[in-house]
Amino acid sequence: MTGQESPGMRSWFRSGEPWVWMNAAAVALSILAVVGILSLIAINGFAHFWPRDVAQLEVTAGDHAGTLLGEVVDSDSLDRQRYIEATGDESLPADVAMISRLLVKTGNRRLNPPDFRWVFEQHIANTSWPNDVIAIERTEWGNAYGFIEAVTTREGTVTGEASFEALIAEIEAAEALREEIVTLQRGSLQSINASLERLRLEDRRIELDLTLDEDARVAALSDTQSRRQTLQAEYATEENRLRELAGGFEGRSITLRLADGRTEELPLITIVRAWQPNALSTAGKLAHYARSVWLFLSEDPREANTEGGIFPALFGTVLMVLLMSVLVTPFGVIAALYLREYAKQGPFVRLIRIAVNNLAGVPSIVYGVFGLGFFVYFLGGSIDQLFFPEALPAPTFGTPGLMWASLTLALLTVPVVIVSTEEGLTRIPRSVREGSLALGATKAETLFRVILPMASPAILTGVILAVARAAGEVAPLMLVGVVKLAPTLPLDGVFPFLHLDRKFMHLGFHIYDVGFQSPNVEAARPLVYATTLLLVFIIVMLNLTAIMLRSRLEQRYRGVEG
Amino acid sequence: MSEHPELSALPRRRSLVDRITRGVVALGGAAVIGAIALIFFYLLWVVAPLFIPASVESGAAFSTDSSNVKLVDSSESGDVGVVMDEDGTLRFFALAEGFELTGREADLGIEIEQVKPLVPLSSYYAARSPEGELLIFTIDYAVSFDGEDRKVEPVITYPFEEEPITIGNVTDFEIWFEDSEVRIATLKSGLVTLYSFEEAEEGLPLEDGQRGRLRLEEHFDRLFFGPDGRWLYLVADDGRLDLYDIRNPRRAKHQHSQRISEGNLGLGAVAPLLGRYSLLVASGGNVSQWVFKRDESGYQLKSIREFDFPKPVTRLIPEHRRKGFVAVDETGVAHFAFTTSGKIVTSASPSIDQAGMAISPRADLWLAASADGDVETFVIHNEHPDVSVRTLWGKVWYEGYPEPIYSWQSSSAGNDFEPKFSLTPLLFGTLKAAAYAMIVAVPLAILGAMYTAFFMAPQMRRVVKPGIEIMAALPTVVLGFLAGLWLAPLIEANLAGVFTTLLLLPVGLLLLAWIFSRLPDRIQKASNGWYGLIAMVPIVLIVWGGMQLAPLLETTFWGGSLRTWLLEEFGITYDQRNALVVGLAMGMAVVPTIFSIAEDAVFGVPRHLINGSLALGATPWQTLTRVVLLTASPGLFSAVMIGFGRAVGETMIVLMATGNTPVMDFSAFEGMRTFAANIAVEMPEAEVDSTHFRILFLTALVLFLLTFVVNSIAEVVRQRLRARYGSL
């Protein structure tokens with residue numbers, strides 16, 4: 001370096017500095033990508049719940065001329081060529097390069113479709129934000145936006161200033177009633193239906209039973225018949241109660257004046273929520289936001305999964321994952337124990353370890369295929385033949401369902417648990433094991449009282465990682481048990497309470513289905529972002545827990561090994 | 001010990017617990033390992049029947065009282081057969097056991113001169129009497145249970161009416177019956193008569209029919225309906241064929257005349273294949289398949305394949321539900337063949353002189369009847385004749401295509417469809433998707449890993465490593481969703497921006513490096529190791545700048561629209577969900593996998609090697625490239641292999657970010673279909689144990705083996721690396 005001037009370009013290149021920057025850029029790009037993806041999900045997901053203001057637009061030209069009332073959900077700009085392609089309007093002045101447009105959610109899908117409209121900004125003559133405009137969330141036909149003309153309650157019709165409060169009171173009453181109806185349907189009606197179905201199967205079983213003679217058969221059938229009649233009488237009573245309840249809200253409605261002046265009468269029983277978007281204070285908006293999040297987590301989906309909540313999907317995912325961890329923990333731990341503690345260490349065990357590691361790399365769809373062929377058709381079909389012949393040809397277990405899905409995912413994640421447990425077992429120093437044996441404990445006692453407790457954090461880490469993986473896997477589930485819409489939960493109040501043969505909903509599959517198989521993509525997309533946010537949040541939390549556990553584990557053992 | 005009885009009791013119980021634990025653990029371990037092996041063997045077990053050759057075994061043989069048998073056939077379920085003789089008597093017999101169902105004979109009411117089954121319908125027949133009357137009838141095999149006994153009571157029913165239709169004394173006739181449309185065509189010395197009934201409903205008599213007459217200039221011996229009953233093939237035994245358009249039965253139009261056999265051997269047998277798009281023509285021992293096709297010159301039949309049999313073929317009988325056929329030669333031997341795969345799979349040799357023969361609707365039984373009522377049956381095991389190495393991997397000439405092609409089209413709405421099971425487009429798609437993903441992932445991951453392990457400040461590394469692990473934990477369904485619904489439209493709308501940014505990035509980074517080298521030494525020293533963080537803001541600026549610059553570049557270089565320019569200059573079409581989108585999304589999914597393994601490998605290079613190199617005067621970069629990388633190269637190789645294995649098996653991203661079209665196209669702007677996505681889409685609807693089902697299992701097996709082999713190689717390499725470091 002003596003006697004040299006500042007290094008020239010070539011030696012600067014040769015020193016490698018520019019390439020170091022390229023490498024740094026690679027890391028930066030990856031990190032930016034991760035951060036970008038997470039932010040995109042977070043922003044769009046959280047924004048879904050925020051109550052937007054409702055604008056009143058006077059549109060003078062274009063496809064949607066007239067008065068529009070709705071939320072502005074998106075904006076976009078088209079370049080000249082795409083504008084001409086989209087509208088065929090060539091009258092644009094030559095110096096205008098980009099034309100911006102707004103996506104307005106006008107709702108009112110029944111009376112005034114489409115519910116999402118693109119409006120070019122240059123066609124909007126006037127924008128205002130009326131304070132008394134109402135936004136209504138309903139059980140069908142999506143949102144409605146308009147002004148209250150009148151609210152018809154049991155007492156009479158309310159108009160003017162008091163109408164909004166009357167509406168809110170009525171909605172609360174309607175919600176209580178809806179809950180009662182649902183409890184009735186999900187409770188006694190469903191239980192009676194299940195009993196009737198069991199009776200039908202019992203009849204079949206009697207028919208198929210060849211050991212009965214004629215008299216015994218007739219006696220058995222008449223017995224089931226009398227039981228059936230009792231149940232049917234009970235059912236009729238419950239149905240009557242249901243009809244009374246539903247009738248309780250007849251005639252109560254709200255008359256809404258829409259943007260174009262028409263009025264629509266909405267039965268109050270179909271209204272989930274109503275609010276005045278432009279009149280909400282910040283506290284009001286936060287309260288609305290919190291309630292939206294709660295409804296999202298606790299309600300059932302509506303409108304072909306494009307509205308409402310995702311509770312069944314969340315429940316299904318959690319239940320399946322619980323079942324899977326119950327299956328995978330003992331098997332994974334036992335296999336790891338076998339490999340590490342009991343088997344003779346040699347090339348054979350090394351081979352098995354390689355095989356187990358590889359299994360983590362096998363595509364998940366292959367597990368799905370195996371699950372479908374072996375578990376569902378072969379095992380499930382045999383179970384049906386042996387234990388449920390009276391239900392045939394309708395399959396009970398010979399069809400995708402909760403049990404097979406959990407079993408398949410358990411098989412998929414078993415390598416994760418094995419590897420993690422083995423790692424934990426390896427960290428336990430030999431001195432501890434030998435000390436225990438020297439003090440007279442049997443191998444089993446050493447295992448239960450010394451080894452397993454010391455390895456339990458590692459086991460836990462493994463299970464958490466397995467759970468995180470299973471919560472996000474969709475491909476195998478598409479084959480072994482997940483459906484777009486399940487009418488009932490796999491866990492309910494009807495015997496046998498946990499229905500292992502039922503199909504269920506899953507958060508990951510919900511994202512796929514709502515995002516790609518939905519009839520109304522614009523309406524569905526914010527919901528998909530929200531579901532994605534929830535899933536990513538759950539998985540990231542699980543992984544962070546596992547990482548923290550693992551680093552605490554590493555610190556603890558650094559002390560033990562001295 | 002005897003003063004403490006409780007102490008002596010303990011060892012027994014404790015050793016029992018010990019032994020039980022050992023047993024349970026061994027059992028559990030073996031079970032898990034067994035389950036893992038089970039996957040492979042089960043897949044193999046499901047796939048194996050595809051490659052087992054077909055076989056035939058003799059079934060029951062017996063005699064009936066029939067004389068002058070005109071037709072023998074089997075019921076749909078294959079357990080009852082029927083023999084029709086010239087008096088119009090139908091006799092039934094149990095096919096498996098081989099006895100006649102006495103007392104169940106039925107009388108048709110007319111004498112039979114010629115009777116034909118209305119394939120592909122099961123148990124529908126049309127009989128012509130010597131007086132020129134045509135009767136359409138069906139046999140209803142009513143099954144009843146008397147306790148344990150299963151009884152079959154065949155009954156003749158008349159779908160339209162019990163009275164026969166008068167068609168006169170004809171040489172040949174054909175019936176077309178599909179979708180409430182009935183067409184009857186008769187041939188008699190130079191005259192073809194067509195009857196067409198548009199709204200024929202079973203249970204009601206045929207009425208309101210149209211009748212058309214076609215006068216022929218030349219002599220023909222047989223006629224057949226063509227596709228959809230809209231075309232007519234007229235065949236002469238000397239090898240001529242005339243094609244007529246009979247869409248309007250009253251105005252049949254002559255389309256084409258051609259020869260379907262050369263030489264003067266004459267035609268031994270002619271029969272249409274299922275769907276009637278193909279005509280099988282036997283001349284001597286050679287059977288050729290002529291396919292109905294349309295080109296610039298109009299409609300005609302073209303020969304696409306030939307089969308050679310040892311003896312001249314006298315009867316051709318098509319299968320009812322598949323594109324296979326049976327060629328019966330002059331010695332009575334029945335050869336079973338399949339058109340799509342071009343295979344002759346097996347043969348059956350009845351010992352009687354055959355007057356009537358038939359294949360059961362499910363193609364699992366071959367029936368041969370002699371004129372005086374002796375019947376022989378053969379059980380056929382021929383589940384997958386449509387699979388051969390050539391149909392799976394080579395080019396096949398399918399019906400309706402101008403030339404042999406690679407195609408994956410496993411199902412369609414109609415029964416006449418020829419399933420196309422070529423795995424080549426799927427393999428191409430899988431490798432294409434994986435290649436694009438690797439092109440994106442490998443540079444990012446390897447270069448990033450090199451920086452993180454070698455240059456990065458430890459504080460930053462402590463954040464980056466978990467950050468990348470979080471990236472690994474992201475479910476692929478989320479990446480796929482973002483790719484399909486956010487990235488794909490974004491790229492489509494900003495294609496020029498993407499390219500501009502790609503061009504600007506390296507240039508911008510070099511500029512950044514140069515600017516940085518000009519900064520005072522103090523700043524440079526302080527930021528050593530933090531380049532990763534420092535680079536973030538300039539990168540964002542470059543991307544933003546690229547997007548802004550794009551419209552200008554687009555107007556200057558690409559005439560306003562990059563997509564139109566690509567289409568006009570190079571003929572490249574643009575599909576919104578294409579390989580570029582998949583490459584980016586799957587690349588993001590694979591980067592963490594490669595990154596962690598590569599980073600571990602580089603980080604694990606022994607410190608003294610690095611220190612020695614630096615001490616000898618090399619710059620850090622030179623040390624990295626010439627010492628560290630070489631030492632860590634097995635680990636890097638292993639990382640790339642595992643990443644590749646991951647990319648090959650990825651399902652959700654491909655499912656959501658491509659159009660899932662099985663095209664074979666190298667273009668980055670076209671979609672593809674991979675093995676994994678194909679399984680996800682088609683498996684739920686595949687009929688269990690069908691060819692389609694087993695082929696899907698075959699693709700799963702291919703994926704399993706591929707990833708297993710790749711991962712094993714990577715794992716072995718990694719273990720050897722660990723050993724090597726130990727010795728260093």
Side-chain angles (χ1 to χ4, degrees), chain A residues 12 15-34 37 81 331 334-335 337-338 342 352 354-355 357-359 361-363 365-366 369-370 372-374 377 411 414 442-444 468 472 474-475 478-479 508 511-512 515-516 528 532 535-536 539-540 543 547, chain B residues 14 17-18 21 25-26 28-29 32-33 35-36 39 42 46 444 447-448 450-452 455 466-467 470-471 473 475 477-478 481 485 509-510 512-513 517 531-532 535-536 539 560-561 588 591 619 621-622 642 645 649 651-652 656 676 679-680 683-684 688 697 700 703-704 707-708 711-712 715:
Chain A
W12 178 66
S15 77
E17 273 301 289
W19 309 124
V20 179
W21 276 101
M22 294 293 194
N23 285 11
V27 183
L29 267 172
S30 307
I31 300 289
L32 280 173
V34 179
I37 289 174
Q81 179 159 7
F331 281 109
I334 289 181
L337 283 176
Y338 175 70
Y342 281 87
I352 296 184
I354 291 182
N357 275 334
N358 282 344
L359 242 57
V362 168
I365 193 79
V366 174
V369 167
F370 173 74
L372 184 67
F374 186 74
Y377 291 137
L411 196 59
V414 110
T442 61
K443 187 149 184 177
V474 179
M478 283 169 74
L479 301 180
I511 295 173
Y512 167 69
F516 290 83
V528 183
T532 308
L535 183 63
V536 168
I539 290 181
V540 167
N543 272 285
I547 291 175
Chain B
R14 287 170 63 199
V17 167
D18 190 38
T21 312
V25 169
V32 172
I33 293 161
I36 291 171
I39 298 178
Y42 180 73
V46 174
L444 276 182
L447 296 182
M450 277 160 52
Y451 184 80
T452 311
F455 294 105
I470 297 286
M471 197 172 162
V477 68
V478 168
F481 152 66
L485 286 191
L509 286 170
L510 276 177
L512 172 68
S517 69
Y531 288 6
M536 285 194 193
I539 288 180
S561 163
M588 280 295 115
V591 155
T619 64
W621 178 256
Q622 286 169 333
I642 294 185
T651 314
M652 292 317 289
M656 303 205 251
I679 294 174
M683 189 63 113
V688 181
F697 268 78
L703 276 179
F704 181 86
T707 48
F708 204 84
N711 280 339
S712 297
E715 184 69 25

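Sequence lines set the chain letters: A, B, ... in the order given, protein chains first and strands last, and positions in each chain run from 1.
Of the possible donor and acceptor atoms, none in the side chain of B:Tyr531 sits under 3.5 Å from a partner among the backbone N and O of A:Val20.
If you tally non-hydrogen atom pairs under 4.5 Å between each of B:Val478, B:Thr452, B:Val17 and chain A, the highest count goes to B:Val478. Considering only heavy-atom pairs separated by less than 4.5 Å from chain A, the leading option among B:Gly467, B:Ala35, B:Gly645, B:Gly532 is B:Gly532. In terms of heavy-atom pairs under 4.5 angstrom with chain B, the leader among A:Leu372, A:Thr532, A:Val414 is A:Thr532. Considering only heavy-atom pairs separated by less than 4.5 Å from chain A, the leading option among B:Val688, B:Val591, B:Val46 is B:Val688. Ranking A:Ala26, A:Ser30, A:Ala33 against chain B, the residue ahead of the rest is A:Ala26, based on heavy-atom pairs under 4.5 Å. Contacts with chain B were tallied for A:Gly515, A:Gly373, A:Ala335, A:Gly472; A:Gly373 has the most, counting heavy-atom pairs under 4.5 Å. For the set B:Ile470, B:Ile39, B:Leu444, B:Thr707, the entry with the most heavy-atom pairs within less than 4.5 Å of chain A is B:Ile39. Annotation: maximal heavy-atom pairing with chain A below 4.5 Å, among B:Ile679, B:Asp18, B:Ile642, occurs at B:Asp18. In terms of non-hydrogen atom pairs under 4.5 Å with chain B, the most contact-rich of A:Leu535, A:Val536, A:Leu337, A:Leu479 is A:Leu479. Counting heavy-atom pairs under 4.5 Å between each of A:Ile539, A:Leu32, A:Leu29 and chain B puts A:Leu32 at the top.
Taken from CZ in B:Phe697 to CZ in A:Phe370, the straight-line distance is 9.5 Å, to the nearest 0.5 Å. To the nearest 0.5 Å, the span separating CH2 on A:Trp19 from CD on B:Gln622 amounts to 13.5 Å. Taking CZ from B:Phe704 and CG from A:Leu359, the interatomic distance works out to 5.5 Å, rounded to the nearest 0.5 Å.
For the pair B:Asn711 and A:Gly361, the tightest heavy-atom approach, listed with the atom from each and the gap, is ND2-CA, 3.4 Å. For the pair A:Ala475 and B:Thr651, the tightest heavy-atom approach, listed with the atom from each and the gap, is CB-CB, 3.8 Å. Here the closest non-hydrogen pair linking B:Ala26 and A:Tyr338 is CA-CD1, 3.6 Å. Here the closest non-hydrogen pair linking B:Gly649 and B:Ala676 is O-CB, 3.8 Å. Shown here for B:Ala473 and A:Asn543, the closest heavy-atom pair between the two residues is CB-ND2, 3.0 Å.
Heavy-atom distances place both the backbone and the side chain of B:Met656 under 4.5 Å from chain A. Interface residue A:Tyr512: backbone and side-chain heavy atoms are both found under 4.5 Å from chain B. Both the backbone and the side chain of B:Ser712 come within less than 4.5 Å of a heavy atom in chain A. Of the two parts of B:Phe455, only the side chain, counted from C-beta on, holds a non-hydrogen atom closer than 4.5 Å to a non-hydrogen atom of chain A. Both the backbone and the side chain of B:Leu485 come within contact range of chain A, with heavy atoms under 4.5 Å apart. Heavy atoms of A:Tyr377 lying under 4.5 Å from chain B belong exclusively to its side chain. The contact between B:Met588 and chain A is made entirely by side chain atoms (from C-beta outward), counting heavy-atom distances below 4.5 Å. Heavy atoms closer than 4.5 Å to chain A are found in the side chain of B:Ile539, but not in its backbone. For A:Ala468, no part sits under 4.5 Å from any heavy atom of chain B, backbone or side chain. With a threshold of 4.5 angstrom between heavy atoms, A:Val369 approaches chain B through its backbone and through its side chain. Contacts of A:Val362 with chain B are made by both backbone and side-chain atoms, with heavy-atom separations under 4.5 Å. Heavy-atom distances place both the backbone and the side chain of A:Phe374 under 4.5 Å from chain B.
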What do the steps show when you test B:Trp621 against A:Asn23 for side chain to side chain contact (heavy atoms under 4.5 Å, CB included), and what is the final call? CA-CA 11 Å; B:Trp621 178 256; A:Asn23 285 11; 3.4 Å; yes
Start with the C-alpha distance between A:Met478 and B:Met652, add both sets of side-chain angles, then the distance that settles side chain to side chain contact (heavy atoms under 4.5 Å, CB included), and finish with yes or no. CA-CA 10 Å; A:Met478 283 169 74; B:Met652 292 317 289; 4.0 Å; yes
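Side-chain contact between A:Val528 and A:Phe516: absent, with no pair of heavy atoms (C-beta onward) separated by less than 4.5 Å.
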